[in-house]
2 protein chains.
Amino acid sequence: MAKIKKLTREQIVQVAMEMFDSEGDAGFSMRKLAGKLGVDPMAIYHHHANRNALISEVVQAYLSQRRIPTRSGDWRVDIRELCQSLRGLAKSHPNIFRLYQAHDTWVPEESRISEAFHTILLDAGFESQTVVRGVRLLSNYTESFAVDELAGWYKPLDDSDRAQLVQTVSADTHPAMTRLMDDIGTADAEADFAFGLDVIVRGLEAELVGD
Amino acid sequence: MAKIKKLTREQIVQVAMEMFDSEGDAGFSMRKLAGKLGVDPMAIYHHHANRNALISEVVQAYLSQRRIPTRSGDWRVDIRELCQSLRGLAKSHPNIFRLYQAHDTWVPEESRISEAFHTILLDAGFESQTVVRGVRLLSNYTESFAVDELAGWYKPLDDSDRAQLVQTVSADTHPAMTRLMDDIGTADAEADFAFGLDVIVRGLEAELVGD
DNA sequence: ACCTGAACACCGTTCAAGT
DNA sequence: ACCTGAACACCGTTCAAGT
């Protein structure tokens, strides 16, 4: 698209990020990126080793946008805010969040977010192993919820979804789900997320009292 | 490889499943599958509409292998067993499990597993909405744990991983993680999974008592 | 009905060449 | 040092043709 006189690593990452943001994985290729930069496809390889390395940079740039919320003093509140901030990041750039999830190469920025989680639970007084496990549990929950939310799992079912579900879920083969159909059909991402977070936080609290 | 006189939908799915099982996503393509079947690539399209439809069939065949554990009478035990059976399925065929995770088209077999979850929590006496939310929380937890486990996140760090981590996690920028390094470095998938499950089950229990 | 073969519109990446 | 261009070894899928 816009011709750039001299390529830089950063410009390439920037444009790649915009492409992912607006079009998602399907809209991105090294060749399309080159086209957007007004450059031969192979020019990119002079600045980034390959596709995967470039994507690591995109993910890194994406994660560095994330603001860590300030502490309140109550670990339950802080954990909730940190999880919500991660979910917010996911929702603000769904396509790049999906890219981050699918990208299995580790990226340094992840440790900044991880540190915030660890600090909160450590200060709350959990023992070391519980802190480590609790962080994994919480970040796991938040990220997988966000993935499902972005995939549209927490929207109320529309007519065609419901029809498809009713087709396979009949009263004799799926009595429980049939009884629960009203609650399965209606979903509220906000309340559902808060519910799971409450369950986990409550479960963790017991580890603290049990000392 | 082996020449088949007449293609059937089932044979195609079977061979595709074996390819995914042994080689994963990278080792599969419609053309390679055709090669394995000793047939022109386009012959497959006579039996399956396209790549995505074929993969739905593979996922469906995979999920139908899953045995639902018998009930014990204690919902806490039953939930644990059901989650472990899902995790077991993931570990027995990691590549197909990853395929299932990445595949965003809904597949009927999913509802069989879902029904088992709903039944347990419903029988345990939770109210409707809590059942639905609890099932989502538990299956979410189990699947995302399995994904991480298969990606190697719950293996103790080897020397190169540790070196990479120490490089970005220094005492002044990451004090909490530095303190916790021993517990971050050692991980035990079995115990870590049980921990998370306990936390969630304990958190759910409160919903029952709170009535 | 079932399969083939050529063709289309793509990929990521290597390698030799240009400035 | 930085970029180009041709080439390689792939993709999924359409379409017309063969049996």
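First the proteins, then the strands, lettered A, B, ... as listed; each starts at 1.
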Do any N or O atoms from the side chain of B:Ser22 and from the backbone of B:Glu18 form a donor-acceptor pair under 3.5 angstrom? yes
Taking atom P of C:dT13 as reference, at what distance in whole Å does atom CE of A:Met42 sit? 8 Å
Can you tell which of C:dG12, D:dT13, D:dC3 lies closest to the side chain of B:Asn50? D:dT13
Using atom C1' in both nucleotides, what's the gap between C:dC11 and D:dC8 to the nearest angstrom? 12 Å
Hey, is A:Glu23 close enough to A:Lys32 for a salt bridge, meaning N to O under 4.0 Å? no
Measure the distance from CD1 on A:Ile44 to P on D:dT4 and round it to the nearest whole Å. 10 Å
Would you indicate, yes or no, if C:dC10 has its OP1 or OP2 atom less than 4.0 angstrom from a side-chain nitrogen or oxygen of A:Lys32? no
Can you tell which of D:dT4, C:dT13, C:dC2 lies closest to the side chain of A:Ala43? D:dT4
Whole-Å gap separating P (D:dC10) and CG (B:Leu33): 16 Å
Between B:His48 (NE2) and D:dG12 (C1'), how many Å, whole number? 16 Å
Mapping A:Ala49 and A:Ser29 to their closest nucleotides on DNA chain C, which lands nearer the 5' end? A:Ser29
Answer yes if the side chains of B:Gln84 and B:Arg87 hold a donor-acceptor pair under 3.5 Å, and no otherwise. yes
Tell me which nucleotide among D:dC3, C:dC2, D:dT13 gets nearest to the side chain of B:Lys6. C:dC2
Considering just the side-chain nitrogens and oxygens of B:His47, establish if one lies under 4.0 Å of OP1 or OP2 belonging to C:dA1. no
For atom CD1 of B:Ile55 and atom P of D:dG12, their distance in whole Å: 9 Å
The nucleotide from D:dT13, C:dC3, D:dA6 with an atom nearest the side chain of B:Arg31 is D:dT13
In whole angstrom, what separates A:Asp40's CG from C:dA16's P? 17 Å
According to the Watson-Crick and G-U wobble definitions, with both distances under 3.5 Å, which nucleotide is paired to C:dG5? D:dC15
Would you kindly say whether B:Glu143 and B:Tyr100 are connected by a side-chain donor-acceptor distance under 3.5 Å? yes
Do A:Phe20 and A:Tyr62 have ring centres separated by under 6.0 Å? no
A:Arg51 CZ to C:dC10 C1', in whole Å, measures 13 Å
Spacing of the P atoms in D:dA9 and C:dC10 (rounded, Å): 22 Å
In whole angstrom, what separates B:Asn52's CG from D:dG12's C1'? 12 Å
